[in-house]
Amino acid sequence: MSANEPVPGEEYETLYIRLQQIVEQLETGDLPLARALALYEEGVATAEACQRLLDQAALRVRNLMGDQSPAAAEADV
Amino acid sequence: MRFLTVSQLNTYLRDLLDADDLLNDVWVEGEVSSFNRHFSGHCYFTLKEGDAQIGAVMWKSVAARMATLPANGDAVLAHGRVAFYEVRGQVQLYVDTLRPAGIGVLQAQFERLKERLAAEGLFDQSRKRPLPSLPRRIGIVTSPTGAALQDMLNILRRRYPLAEVIFAPCQVQGAGAVDTIIEALYALYETDVDVIIVARGGGAAEDLWTFNDERLARAVFASPVPVVSGVGHETDTTLIDFVADVRAPTPSAAAELVSPDMTELIDDIRQLRNRLDAAMTQRLTGARDEVSHLNRRLALCSPERRIRRDRQYIDDLIRRATIMLERRIALAHAHLDGVRGRLQALSPLATLDRGYAVVQSTTGALITDASLVAPDDCIEVTVRRGSFRARVK
């Protein structure tokens, strides 16, 4: 079995959770303006990264019994 | 008309039966009789139903896989192929799978097993785990050749291509299928999948029976991550459906259940983005309000305003000072008039008017006593109008 390389889903989850945190923090509204602006910029960048991951995603299929099966061959197409 | 030897006839019959598709893969339901286990381990018996019967053979290898051998009178469902045994001139059923048959028997066994596992807590709602909302790795246990796998992959590709599928192939029917499914499950337990789908496309109730196996149920129960079952069609319910954390009616439905929909995700991001903008706009509006509020307060304490106020105060002081001064002057005048009156009353000039005179020495000393002068002294006499010098006699 191959090592645990990161998958897009993992990255997406991390970014998505961060984006949610940022929005909630901004919505509470009692942040200093400079901090709010920094958060906002980070939020915009995070939302764009999420969008990019969604746009570029392609399902990956790994066969535990080796890659000779039709499923794996099909998945490579 | 043809003449055949017995062996020619039997060979012909054998070939005829072997070429028939139906006879090569058939389920036969009947009652066991004349069961006989030969010392070689092979089993021979007859399957009966009403007035009909057929000889059956179950090889040692098949018999070895069975938990219990059938007894005479058992209603069974036998799978295998029908072939012609030339030596004896008999048509026989070569059994490769044998199960209790009849809705009643099978169902009763299934219900008993279900009750036992339920009593053990294998189906408890309290241990059902929620599916991960964003699964990173999805394990799939199914046949590598079935349509179910491709159906599921297509759905995942469309709905949630962010995921990685870890596929553990297995057999989903036939002898030994249960073992391969359990092996595939445990292979996935060793990976870092977030959720596992166990699936099989639709089939006859006998084909789905694999998923009613107790060992398989326990293997699913042991899963460290949530398991979704998607076996057969909507109307099929197998034991694995009760143990699984979530039961899906079909493999495709299972794939949909484990995957969030991409369009919803995109919507989600858009909504978060909108909230982000709204929150920032509100924060900026708040800041602007704060600034204008401070600006107003600043204007209130500006020096200009102070100067205006001071100037007014000064004007006021001047006005008050003027009034005061005028009053003082008037007072002084009045006082002066009074003094002048009194002065006039005391003045000796008024006495001189009446004919009196003031006598002074030449040094100016008043002479009020005659002894103060001697003869020939010069004195100054002042009368009402003017003064003159005189000599004392």
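So that the names make sense, note that chain A is the first sequence line, chain B the second, and so on, each numbered from 1.
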In sequence, state the C-alpha distance, the side-chain angles, and the governing distance for B:Phe167 and A:Leu64, and then conclude on side chain to side chain contact (heavy atoms under 4.5 Å, CB included). CA-CA 6 Å; B:Phe167 172 54; A:Leu64 274 188; over 6 Å; no

A quick test of your reading: do over 12 heavy atoms of other residues, nucleotides or ligands sit less than 6.0 Å from CG of A:Asp55?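 Buried by this count: over 12 neighbours within 6.0 Å.
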
May I have the list of side-chain donor-acceptor pairs in residues 169-181 of chain B shorter than 3.5 Å, sequence neighbours left out?
| unit_1 | atom_1 | unit_2 | atom_2 | d |
| --- | --- | --- | --- | --- |
| B:Gln173 | OE1 | B:Arg200 | NH2 | 2.4 |
| B:Asp179 | OD1 | B:Arg215 | NH1 | 2.9 |
| B:Asp179 | OD1 | B:Arg215 | NH2 | 3.1 |
| B:Thr180 | OG1 | B:Gln171 | N | 2.9 |
| B:Thr180 | OG1 | B:Gln171 | O | 3.3 |
| B:Thr180 | OG1 | B:Ala177 | O | 2.7 |

Side chain from CB out, backbone as N, CA, C, O: work out which of these in B:Leu188 comes under 4.5 Å of a heavy atom of chain A, or both, or neither.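 For B:Leu188, backbone and side chain are both near chain A.
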
Quick check on B:Asp277 against chain A: is it the side chain, the backbone, both or neither that has a heavy atom closer than 4.5 Å?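 Both backbone and side chain.
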
Sort by residue number and list every member of residues 260-269 of chain B having a non-hydrogen atom under 4.5 Å from chain A.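 Those residues of residues 260-269 of chain B which have a heavy atom under 4.5 Å from chain A are B:Met262, B:Leu265, B:Ile266, B:Asp268, B:Ile269.
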
Contact leader toward chain A among [options], where contacts are heavy-atom pairs under 4.5 Å:
options	value
B:Arg136, B:Gln282, B:Arg270	B:Arg136
B:Ile140, B:Leu284, B:Leu276	B:Leu276
B:Ala278, B:Ala287, B:Gly139, B:Pro161	B:Pro161

Hey, what do you get for [atom1] ([X]) to [atom2] ([Y]), rounding to the nearest 0.5 Å?
X	Y	atom1	atom2	answer
A:Leu59	B:Arg159	CG	CZ	13.0 Å
A:Met65	B:Glu183	CE	CD	7.0 Å
A:Leu31	B:Met280	CG	CE	9.0 Å
A:Arg60	B:Arg137	CZ	CZ	8.0 Å

Measure A:Tyr12 against the heavy atoms of chain B and call it side chain, backbone, both or neither at under 4.5 Å.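 For A:Tyr12, the contact with chain B is made by the side chain alone.
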
Heavy-atom distances under 4.5 Å only: say whether A:Ala47 touches chain B with side chain, backbone, both or neither.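 It is both, since atoms from each part get that close.
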
What do the steps show when you test B:Val165 against A:Arg62 for side chain to side chain contact (heavy atoms under 4.5 Å, CB included), and what is the final call? CA-CA 6 Å; B:Val165 169; A:Arg62 180 146 60 93; over 6 Å; no

Side chains of A:Val44 and B:Arg273 in contact at under 4.5 Å (non-hydrogen atoms):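 Yes. Closest side-chain heavy atoms under 4.5 Å.
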
For A:Glu27 against B:Ala279, the heavy-atom pair lying closest together: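 Nearest pair, atom of A:Glu27 first, then B:Ala279: CG-CB, 3.9 Å.
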
